[in-house]
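Single-structure report; data block below.
Below, chains carry the letters A, B, ... as their sequence lines are ordered, and counting in each starts from 1. Predicted model only: the values in this text are computed from it and were never measured.
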Amino acid sequence: MVGADGATLTNREIVQLGLDPLEMARGADILTSLGAGRDRHEARESAHAQARSFEIDRRLFPWNSEAVRLDEFHGQMRPLLEQVRHDPSAKELDIFAAAVVGALIETGRTLDDLRDLKIETQLSSRFAYRPPDGGQRCGTWLWDAITARYEADLRGDQKEIDKIRQLQVEPAEFLTYPASEIVTDLLAKWIALQPARKDNRLFPFRRGRISAHLRSWLEINGVEYWRFTPGRLRNLIWSVLHQITGGELASACLVLGLAQPMAQVELFYALLHEEEAASLFAGAKTALWVNDTGQAPAAQQITPDPPIGKFTGCRAFPRITEVRQITKQFREASVRFFNMRPSSFKSKNKAHREMFNNAVMYGVWHQAFSFGTRAITDAYQRLETLNAKGFGLLDDKGFAEGYRTRIVYAGEHLRIHMRSLEIKLAALGDRVSGEKPGPVWLLDETGLPVEIRPATIHQFLKDDFPFPVNVPRKVMRYLLRKSGMSHTHTEAYMGHWWHGREPFSPSSSFDFGVFLQDLGLRLPEILKVQLGFWPVPGVRLDGR
Amino acid sequence: MTAVDITRLHALLPAGRGAAVENIRSGTPKPLKHGHLGRIYSEILAHAAPTDDISGLLELVRKIAADAGTPPEILNEACIAVGYPVPTNPWAGGEDGRVLREAEQTCSRAEQWISNTDTVARTPALAFYRLLVASILDFRILHADFVPAVLRSVRDDRDFTIHPQIKVLPLSLSYGRQENSERRLLILRRRTLKLFEEFCAQAGCTRFCEVMSKRWSAASDTQNESRGPNESRGVDQVQDPNQVQAASEAPSEVTGEVEKPDADGDRDQATTESKPEAESQNSASSEGLSAHTRLSAKVVLADLEREAAKAGQAAGGLPDLTDLIEKARVIARFHLPSIVVAHRSRQIVSHSLPPEVLARIGGWKLEPFRLARSGNREDHEYPFEEPPEMQDDPGWLKDLRQALGPTKVDNTILNLLIGSNDPAGRIMGAFAIFLSTTPIASRAAKQKTKNQNGYAPATVRRYCLLIANRLMPRLVDPAAGMSEDGWEDAIEQLLDEDAFFNLNRYRQAPTSKAQAYSRPLVKAVRHWLRFIREAGMSQPRTGDETARSAELAGLEKRLPVLGLVAVDASLITVDEYLRALKRLRGARGPIDKNLREAGCVALILGYRLGLRRNEAAGLRLPDIDSIEYLHVRPNRMRQLKTSNAKRDLPMPLLVPKREFDYIRERLRGLRAKTQQKHVRPGDIWLFSQSGDPQKAMDFDAVIAEIHEAFRGNPERRWEPIDSTFHYHRLRHSFCNLTLLRLWPPLHRIAEKLFRGHHPKTMDWIRDEKFRETLFGTERVTESDLQAIALLMGHGSAETSLEHYTHLLDAWEDPATWTRAGDQVEEQGPIQCAEHIADRPGLSLAESEQDIFPTNSPAAELRRARLTCKPPSRA
């Protein structure tokens with residue numbers, strides 16, 4: 001992937017620049033293949049998709065020997081840090097090395113990043129530490145949240161962007177977390193030894209020098225350096241967060257404010273409330289410094305977000321209350337529309353037209369939220385494409401090979417809603433002039449039917465809800481995760497899979513039966529209770 | 001291209017990794033040859049760090065190769081050489097809902113057909129048809145290959161009851177070019193069991209099975225004979241249903257009358273013939289590995305439908321089995337994991353446990369059945385190009401080429417080669433003379449001639465060059481003795497790679513060519529094994545020479561069955577393993593303490609960690625580190641089988657504590673010796689001589705002790721646990737037990753197969769925390785097989801599936817199992833008196849505590865006697 005200046009972008013830059021999800025997915029293909037510069041089919045056929053997925057597994061399994069295990073850390077490294085912390089006569093080398101180790105472990109950053117760590121009281125940098133003041137016991141970490149720029153995603157005018165800013169969750173520009181007591185003490189000791197610097201850098205040394213100091217300190221203290229390299233130490237919190245979040249790497253990225261290439265696609269959809277991020281960080285700290293059982297931390301229960309506060313992650317994410325509000329508006333129009341006799345409908349009448357469009361959008365959105373539909377041309381799937389149990393197949397990406405085709409589920413309510421809408425629209429008959437582009441359509445300003453496509457949806461929603469057309473996907477991913485659905489199932493719902501890790505692969509242990517059962521339990525509840533989608537009462541199945 | 005990229009590339013491609021790598025490293029690379037780019041890619045992928053830009057590095061190599069003038073076809077082929085095909089999405093193209101709707105309608109009609117037909121079918125054909133339809137609707141049969149296999153199995157009366165409501169039918173399916181070469185188990189429960197019994201109760205059931213098997217077999221033979229010798233038997237060739245029709249027109253042995261094709265038969269025939277060729281090809285391709293040599297499955301199904309229709313049933317009312325199977329696969333994906341659907345659809349190969357193993361672990365009285373061989377075909381039917389392996393021919397290979405002409409073998413040069421200093425040359429010279437002079441008894445017998453000579457010069461040349469080019473480079477020291485496992489590993493790898501290479505090469509036209517190409521290699525390897533056995537190349541350093549020869553003969557026998565090395569599908573249960581471990585630890589175990597300890601440790605490592613024999617033998621002290629990982633990695637004395645075999649195994653997760661403590665004890669002893677003798681830990685072998693830890697002990701002797709503990713020894717009063725045991729079975733067991741621990745839906749059938757004789761095994765596999773500990777995250781994942789493959793040291797999940805997993809047939813859908821009608825099955829193991837065999841050795845296993853009795857009262861008493869202190873009250 002090439003940036004504006006022609007240079008190849010790193011994965012982190014790609015994420016931080018906030019490129020389009022489609023571009024992002026293309027980037028994922030390139031990462032998983034030889035295929036830079038080759039077409040998608042060749043890229044898929046190419047060398048190391050499976051090898052890469054193996055490598056991913058190798059690194060993510062908790063028994064991955066490349067990583068430092070918690071019990072190993074508790075057994076060897078933590079006593080050493082405690083010793084330096086409590087030793088009043090500790091030497092400068094000991095204090096320096098212990099402070100570096102503490103910072104590496106808690107921030108999950110590289111030595112290079114640590115060199116830019118600043119001591120600040122105002123926390124104005126991108127990566128800073130504030131020592132405790134007043135009655136505080138612990139210092140505070142600060143780092144930038146992963147936030148993409150609006151311009152990359154939103155193609156509307158300034159008015160739309162302003163509207164989105166009104167309706168979206170408040171994005172966190174940076175995240176602050178309390179440091180642990182032990183790291184606070186170690187850093188305090190190190191700060192006390194350091195003369196004040198203009199640039200306020202905490203570790204203003206060359207990388208090689210820091211590394212050499214660290215190595216000699218560990219060797220002097222009889223700790224195996226090869227096990228506790230700076231890379232492994234920084235990865236420890238990643239692995240702890242990975243376990244706490246139930247295997248969702250994107251959440252770990254959001255907590256630490258660092259984009260991992262493996263989570264790049266998910267980062268476009270994952271969202272975390274700042275309090276939840278703080279809670280996850282606190283859980284990781286507990287596992288690192290409080291528990292000494294060496295056992296893997298248990299996955300945390302996902303809690304509902306408080307109504308206020310900031311969020312990190314997915315950009316242009318609407319507040320759930322706003323979604324519910326617009327759904328309510330659609331629903332009210334829908335009730336009016338269904339109660340109106342077809343013979344009374346006038347497509348040239350503006351009020352009738354708006355009521356009609358709202359009612360149609362209610363059905364279209366009900367389906368889009370249920371299926372997690374991408375922004376595709378045929379945005380509405382006809383009822384006849386579903387089977388009697390409500391299962392259907394949706395191909396909304398990679399149309400040539402059908403590689404991304406996935407199973408979707410329409411609950412009973414949605415099926416009734418679709419049926420009544422299709423019948424109602426068919427009953428309008430000649431009341432709407434012009435060729436009907438399908439069973440369900442919108443009306444343009446002249447009262448003629450237009451196909452339901454991303455452009456027409458956007459045109460209709462731009463005044464009240466000008467979010468990207470694929471916003472239902474984002475909302476549903478968030479709500480499904482909140483409802484406790486596993487990460488694997490959520491990604492199957494979204495249609496996200498890596499090459500070599502396809503749920504339909506002959507060597508995959510993914511069970512669609514269990515997945516659909518899980519989806520069937522959660523989806524109707526979310527759609528009805530949280531978003532306000534259910535059939536208009538009193539509407540008969542024949543639509544009259 | 002930057003300097004940093006090239007530096008990193010060179011770091012990932014160290015010198016001494018073969019001609020291909022050297023070529024890329026050199027400043028002026030030559031154009032690459034076939035397979036080179038793949039090897040270079042593999043090196044990069046194996047050694048790259050997570051921070052490396054892998055795609056950039058591979059692209060760089062590609063650019064260097066292209067700049068060097070490598071032809072584009074080789075550049076493109078290289079991707080295939082190391083790549084894996086991306087699976088096709090089974091849902092692709094079904095967005096309009098037609099696929100799902102049609103599948104449901106077809107299955108629903110079939111359900112209705114079963115319920116509408118008579119409770120007691122009027123003919124065996126109809127009863128069999130009903131059984132098949134029900135099995136398809138239960139997703140037990142999702143491929144047409146099962147049909148003749150079920151008939152054969154019924155004919156031979158192979159079924160056995162593991163529960164009053166569950167029967168098991170061992171099947172033999174075809175695999176690759178070989179007939180009847182993959183074992184499967186068909187589990188019959190509920191409705192299918194009822195229909196099976198109904199079918200077996202039919203008066204002419206046995207005769208029907210015999211006649212149909214014979215008819216299909218005869219049609220298959222006719223079909224084979226009708227082809228020219230140079231024609232390959234590809235699935236893309238539409239097979240002629242007339243042959244079956246002709247066979248069916250013979251006087252029927254079922255009815256004793258001449259059976260004329262009726263209107264229905266004509267209809268079927270017309271239907272089959274009228275299908276467009278393209279559709280036929282697509283269908284054949286989708287049948288994957290299995291559709292090469294046997295009679296077309298469609299023809300078999302059409303013939304069966306014709307037979308069933310004769311029962312007076314309206315022909316139009318019979319469900320079309322081919323269509324039903326296709327539709328049932330779609331529905332099955334909504335009920336079963338992808339891997340189970342793929343297994344039952346024969347998209348993947350995985351061999352189930354054979355009857356002899358089931359008999360051993362469950363005490364079933366089962367007659368083992370042999371997998372049939374395919375018809376022999378002459379080598380010259382298949383052109384064979386030798387892929388270049390050795391780029392720079394060593395001197396002996398040049399001499400060998402010179403000696404072996406297409407029409408003449410020059411014995412003078414061969415004798416000079418035998419007298420040379422090069423061990424490889426000596427052996428290859430001897431092999432060439434062996435081939436050209438040893439009478440080919442089987443061929444002479446078959447052709448009824450007095451041909452007492454060896455092979456023709458062209459054949460000798462072909463076989464010798466195949467072995468010299470393909471097998472010899474894999475042997476570290478060809479003159480040294482190699483164990484059966486060692487040979488099996490080398491040959492398995494060779495044949496797998498060959499098949500993989502050829503399958504990819506002919507992926508566009510998946511005919512039998514790909515496997516036909518492997519056949520000369522299989523034959524060459526078979527002769528090679530015979531040669532080393534007869535020429536005594538594999539002289540054992542210790543132990544019984546006869547036993548060694550028998551092992552090699554066993555390996556040789558397994559070769560021709562599959563075309564690849566036959567999978568030794570076996571399972572040692574935890575109870576059996578603990579018995580063997582106790583024997584090694586007990587009074588009748590080895591007298592030498594070091595040998596006893598080594599035997600126990602080797603057994604634990606093989607069983608609990610799935611180590612190969614070679615991997616266990618070459619372990620050094622630092623390979624088990626302070627954080628209790630076992631690092632399987634190459635060292636100067638031992639290379640690993642493949643680069644994928646390099647792995648790190650978490651011992652606390654896989655080895656029970658007491659056994660782990662036992663290993664620790666040995667490590668402590670070895671470390672103490674290290675300090676006493678002032679040697680580096682890296683020089684100490686885990687299996688070292690008691691006097692000198694820097695010298696490796698005779699591992700063959702260790703293995704011999706383990707073998708004896710399983711195979712039994714009357715002198716030691718050890719009854720056989722597994723009379724054909726060999727060390728590699730521990731690895732198979734590790735894979736299957738890990739699978740069992742991950743997949744609870746396998747437990748129910750497994751428990752019934754074990755019949756309550758293996759309580760420790762059930763305890764071991766019912767570890768609820770294992771899954772969570774293994775994955776560290778959530779309980780749902782799609783990577784179960786990947787995890788197993790990583791633990792096994794395989795490069796892909798397919799390898800583990802094909803060679804090591806033997807229990808996939810036992811998957812039961814938990815939802816259907818727990819229906820009210822099945823609750824009876826949960827009440828415990830079967831007590832079927834007629835099936836319980838007298839098995840003196842099969843008692844409840846000893847507990848682990850008996851084997852490592854650190855805290856047992858007896859142990860405490862012994863300690864008290866030694867220390868002259870009274871034992872504690874506890």
Side-chain angles (χ1 to χ4, degrees), chain A residues 30-31 33-34 36 44-54 57-59 61-63 65 69 72 224 227 242-243 246-247 296 299 384-388 391-395 401-403 405-407 486-489 499-514 516, chain B residues 41 45 50 54-55 58-59 62 79-80 82-87 89-97 99-101 104 333-339 342 347-348 626-627 629 631 648 650 653 773-787 789-790 795-798 801 813 815:
Chain A
I30 290 166
L31 281 170
S33 67
L34 301 179
R44 287 204 185 135
E45 283 292 320
S46 64
H48 67 291
Q50 189 150 355
R52 181 177 176 275
S53 91
F54 252 60
D57 282 333
R58 202 189 294 276
R59 278 149 214 265
F61 285 141
W63 38 273
S65 73
R69 289 202 328 252
E72 198 182 353
E224 291 163 322
R227 285 301 303 162
H242 186 247
Q243 294 184 43
E384 66 187 39
T385 61
L386 306 174
N387 74 356
F391 298 126
L393 303 174
L394 181 62
D395 183 11
E401 312 97 11
Y403 178 72
T405 307
R406 60 201 163 95
I407 302 179
S486 75
H487 174 245
T488 313
H489 280 174
H499 296 314
R501 294 275 289 270
E502 299 88 351
F504 50 78
S505 153
S507 57
S508 168
S509 50
F510 189 85
D511 194 330
F512 280 99
V514 176
L516 292 172
Chain B
Y41 286 171
L45 291 169
I54 295 178
S55 53
L58 298 186
E59 202 56 45
R62 198 177 161 80
C79 296
I80 298 169
V82 293
Y84 295 87
V86 171
N89 190 326
W91 313 117
E95 310 81 64
D96 58 358
V99 175
L100 274 182
R101 265 199 314 278
E104 280 177 346
R333 288 193 171 272
F334 285 84
H335 295 269
L336 302 171
S338 302
I339 188 174
Q347 287 174 6
I348 53 171
S626 58
I627 55 162
Y629 272 97
H631 302 279
D648 307 306
L653 178 63
T773 322
L774 189 72
F775 292 107
T777 55
E778 59 195 24
R779 298 186 69 80
V780 181
T781 169
E782 73 284 7
S783 316
D784 295 5
L785 264 294
Q786 274 86 343
L790 282 171
S796 73
E798 282 77 6
L801 278 170
D813 182 6

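Among A:P503, A:G513, A:S508, the residue with the largest count of heavy-atom pairs under 4.5 Å with chain B is A:S508. Ranked by heavy-atom pairs under 4.5 Å with chain B, the list A:L516, A:T385, A:N387, A:L394 is led by A:T385.
Counting all heavy atoms, side chain and backbone alike, A:S507 lies closest to B:L801 at CB-CD1, 4.0 Å. Closest of all the heavy-atom pairs between A:G402 and B:A92 is O-CB, 3.7 Å. Closest approach of B:S783 and A:S509 over heavy atoms only: N-OG, 3.8 Å. Contact record, A:P506 with B:I348: CB-CG2, 3.9 Å, taken as the closest heavy-atom pair. Contact detail for A:L386 and B:R101: the closest heavy-atom pair is O-NH1, 4.5 Å. Between A:F391 and B:L100, the shortest heavy-atom distance links the atoms O-CD1, 3.5 Å.
A donor-acceptor pair is defined here as one N or O able to donate and one able to accept, closer than 3.5 Å; such a pair exists between the side chain of B:N89 and the backbone of A:T405.
Proximity to chain A involves both the backbone and the side chain of B:R333, based on heavy atoms less than 4.5 angstrom apart. When heavy atoms are compared at a cutoff of 4.5 Å, B:L653 approaches chain A solely by way of its side chain, counted from C-beta outward.
The ring-ring contact (aromatic ring centres under 6.0 Å, His included) check on B:Y629 picks up nothing, with sequence neighbours excluded.
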